[in-house]
Number of protein chains: 4
Amino acid sequence: MAVTEDGVVQDITMNKTRQKLIRATERLLRRDGLARVTTRKIAREAGVAEGALYHHFGDKAELLYAVVQQSMGDFHEVLESLPLQVGQRTVCENLEHTLQAAFDFQFRIVPIVCSLYADQSLLARTREIMSERGIGPQCSVAVLAVYLQAEQRLGRVAADIEPQAAAGLLLAGGFHTAMLDHLLAREVTPAAARQRLRETVRTLLTGLEPRIAAESFSAPMTGR
Amino acid sequence: MAVTEDGVVQDITMNKTRQKLIRATERLLRRDGLARVTTRKIAREAGVAEGALYHHFGDKAELLYAVVQQSMGDFHEVLESLPLQVGQRTVCENLEHTLQAAFDFQFRIVPIVCSLYADQSLLARTREIMSERGIGPQCSVAVLAVYLQAEQRLGRVAADIEPQAAAGLLLAGGFHTAMLDHLLAREVTPAAARQRLRETVRTLLTGLEPRIAAESFSAPMTGR
Amino acid sequence: MAVTEDGVVQDITMNKTRQKLIRATERLLRRDGLARVTTRKIAREAGVAEGALYHHFGDKAELLYAVVQQSMGDFHEVLESLPLQVGQRTVCENLEHTLQAAFDFQFRIVPIVCSLYADQSLLARTREIMSERGIGPQCSVAVLAVYLQAEQRLGRVAADIEPQAAAGLLLAGGFHTAMLDHLLAREVTPAAARQRLRETVRTLLTGLEPRIAAESFSAPMTGR
Amino acid sequence: MAVTEDGVVQDITMNKTRQKLIRATERLLRRDGLARVTTRKIAREAGVAEGALYHHFGDKAELLYAVVQQSMGDFHEVLESLPLQVGQRTVCENLEHTLQAAFDFQFRIVPIVCSLYADQSLLARTREIMSERGIGPQCSVAVLAVYLQAEQRLGRVAADIEPQAAAGLLLAGGFHTAMLDHLLAREVTPAAARQRLRETVRTLLTGLEPRIAAESFSAPMTGR
DNA sequence: AATGAATGAGCTTTCATTCAT
DNA sequence: GATGAATGAAAGCTCATTCAT
């Protein structure tokens, strides 16, 4: 037994191999997708024997659950510092900065998250894990919505929009873009990605409706 | 074209065995996920021999692609008719109608499309198919962007937004929502889905930025 | 019923398809090898339906036998005119000319003949066909041996060599070379092939033993 | 190197399962021909699981190649010792000894090597393997040619013949004979085979050309 | 006689899992 | 705990053959 830097007591040898396996699996999942991740590849990538996997996990699925747990755990860390930004700088800057970090994360987990959809029983188990631990993508949306709501109170965001819908749109944009980048094997430079993201934020901030002061008294052109 | 013994006119796409295979595949994909759907199971579910699959489709990937294509159904028509809607009714109505059809489609194909990401080589194969036939999700985005651009020219959409970014955002919203519905096994009533979609469209139309002071006293332009 | 130019009575329609199938099979056998020749490819190459094959042949093996019969039939035609050359021109010229024709033939049938060895039961059936019709590669050897024997009688070939062994060597050289050309995918120009063949013939004509008149009275250097 | 429980020293090539597979394959290849030899049958014949085959060989082709390599056995050694025979005993004896070993090898591999020609893609794969490892039938020809050249320098072989052509002819003779033995299912006693080989060597040594008049009265130099 | 969709056994290969060392 | 050879059940796919038209 030993105590790690985090102060957590753990059996070192056990966790060494266990962690190596989890990290190797995550790396492979990201690179090749679930269907191409075999126990043999995992063992090789982790630098341990194939049989060792079964000392630490009941079967392959349990190893997978461990990876999902760990990946999902990171999910809302991305948005962690957002509440501290309320009222600071401009809303536009805050959103851009946050979504930039979100996108980096989203781009990395697309292959893992999507892989879950290839196996309904794996997806169901993931659902349970998220529910048990109170995590999941909906949490990120919630955090972002809370931020927008706080800015609404400060009058820095329009009062009549639905923060939940806006937050969903913002995160959806990043995830969808990440998926298309993977699907189309697009090579996007950081600068282009940044520019793309900026346009998205600006579009959502200004809205699609024409805003012509002179006409604001006449009947709205896109009313319903 | 050919006439069956029943006197029913049918074209190639109505082939009986072919249809049985596509429908069986869709059923299994939704129920079990791609990783658990084998050619053997598909054939049994369709009530045909395994070899028949390879008479009608070059390989499993092509069958999958046929399922996606068939699922597009209504959405494809809605998308095609979108250019005709330019200047008609309100922008809000047109977007809601289009996104409604999009969401129906997206909800159906999430389990299939996401499954592709579980296998990088299948993803690459899909990329090829799309590239050969000049199709793919980016086409839907493009069609929607063209529509927005046309409305921009008519002054029914703000001149300074990026149609591409706005179109991406709108479709991303639906896809992301569909993914979450599947992941969380949410049971969403059609009415709730409709309401949700309306909020999303409204949010994007009005934008997050607070309206200028002069207007903030008048009734909101797109209140509900 | 009709009579062909060869004076053979045959049902034209039957033989048309039958011949198309045999020729298509031979072509494919040559190009792809037995393992890659499927009934589907044969039918397509012949321009008939797959089922038609079974109207003319009991099964695939029977079609193959027909091809082998036809190919083997050509086997000794190659050496047909050789008996007429006895005593004409030089032995060297006659051999070169004959082996040139033999090689062209051998190069073409290597893939077919070798394919037979991939299936012992096919090889056994071929053995029967050859035995029934009195054909086969050994006949070519025999024809060449008879020629050499005849030249021996005229004193144009050494009296103390075994015609059978010499004939075997000559034909073996061509066949072996043809096999290596196929195996190594060598591209040999007609000129190079001709040169190669000439050296072979010359080597066999002169023999490996040193022939130094002055020493012919001393003990032979390579006697036994 | 490793020592088994029996205290037997063994190296990698002596691996038990590996050897069982190679021997089973050779047996089946000889009995049924490549077209009828499946991985299933090989595993059953070897008494191991089908999957074991893929632990020891990358694919079926590599197993086949291992069979060929193992079959070379004695012949390889004889070929290697050939350079040491230069100037030793008589050329005739050396050739007979070498070709005897060659024929034993050739007779065994005819069913395998010929089978390769039944599948152009397998033939191409073989070509690659040979090219990678710098081996192949042409190497045997080359070694024999080098030997003949060395004997030429010693005056024990005629100076004006082409060693390459002569070496090719000698090995071709054995291969062709082996092919005919298989095709015609000839049962040849070792004594008859020996005699046949002797005649072939003698024929090539003396050549077909009639000896010059001056000598034709003396006893033949290599009579029997 | 000719067609070609349909069949289903069988192919090579993969891979999660076990177990003697 | 760790190892990695061995297992054997599937996987995707092929193909000779049949049969209703």
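All chains are named by letter (A, B, ...) in the order of the sequence lines, taking the proteins before the strands, and each is independently numbered beginning at 1.
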Write down the distance between [atom1] ([X]) and [atom2] ([N]), rounded to a whole number of angstrom.
X	N	atom1	atom2	value
B/L122	F/dG12	CG	P	11 Å
C/F57	F/dA16	CZ	C1'	15 Å
C/L64	F/dC15	CG	P	14 Å
C/I42	E/dG4	CD1	C1'	16 Å
B/R18	E/dG4	CZ	C1'	17 Å
A/K16	F/dA2	NZ	C1'	14 Å
B/R44	E/dT7	CZ	P	14 Å

(request) May I ask you to say whether D/R23 pairs ionically with D/E26, meaning some side-chain N is under 4.0 Å from a carboxylate O? (result) no
(message) What I want to find out is whether D/E62 reaches D/R125 closely enough, with some N-O distance under 4.0 Å, to be called a salt bridge.
(response) yes
(request) May I ask you to evaluate whether C/T17 reaches the phosphate of E/dA2, defined as a side-chain N or O under 4.0 Å from OP1 or OP2? (result) yes
(request) Kindly say if B/H56 contacts the phosphate of E/dA6, meaning a side-chain N or O under 4.0 Å from OP1 or OP2. (result) yes
(message) Checking the side chain of A/K41 only, and the main-chain atoms of A/R36 only, is there a donor and an acceptor separated by less than 3.5 Å?
(response) yes
(request) Examine distances only and state if a side-chain atom of A/R127 and a backbone atom of B/L183 form a donor-acceptor pair shorter than 3.5 Å. (result) yes
(request) Hunt down the Watson-Crick or G-U wobble partner of F/dT21, both distances under 3.5 Å, from any strand shown, or write none. (result) E/dA2
(message) Suppose we define a pair by two distances each less than 3.5 Å, Watson-Crick or G-U wobble; what does F/dA10 pair with here?
(response) E/dT13
(request) Output the distance between atom CZ (B/R108) and atom CE (B/M72), rounded to the nearest 0.5 Å. (result) 10.0 Å
(message) Across nucleotides 11-18 of chain E, 5' to 3', mark each nucleotide with B, S or - according to how protein heavy atoms within less than 4.0 Å reach it.
(response) BBBBSBBB
(message) Test of understanding: with salt bridge (charged side-chain N to carboxylate O under 4.0 Å, His left out), list the residues that count as partners of A/R27, not counting sequence neighbours.
(response) A/E45
(message) Testing the basics here: between B/L21 and B/T25, what is the closest heavy-atom pair and its distance to 0.1 Å?
(response) O-OG1, 2.7 Å
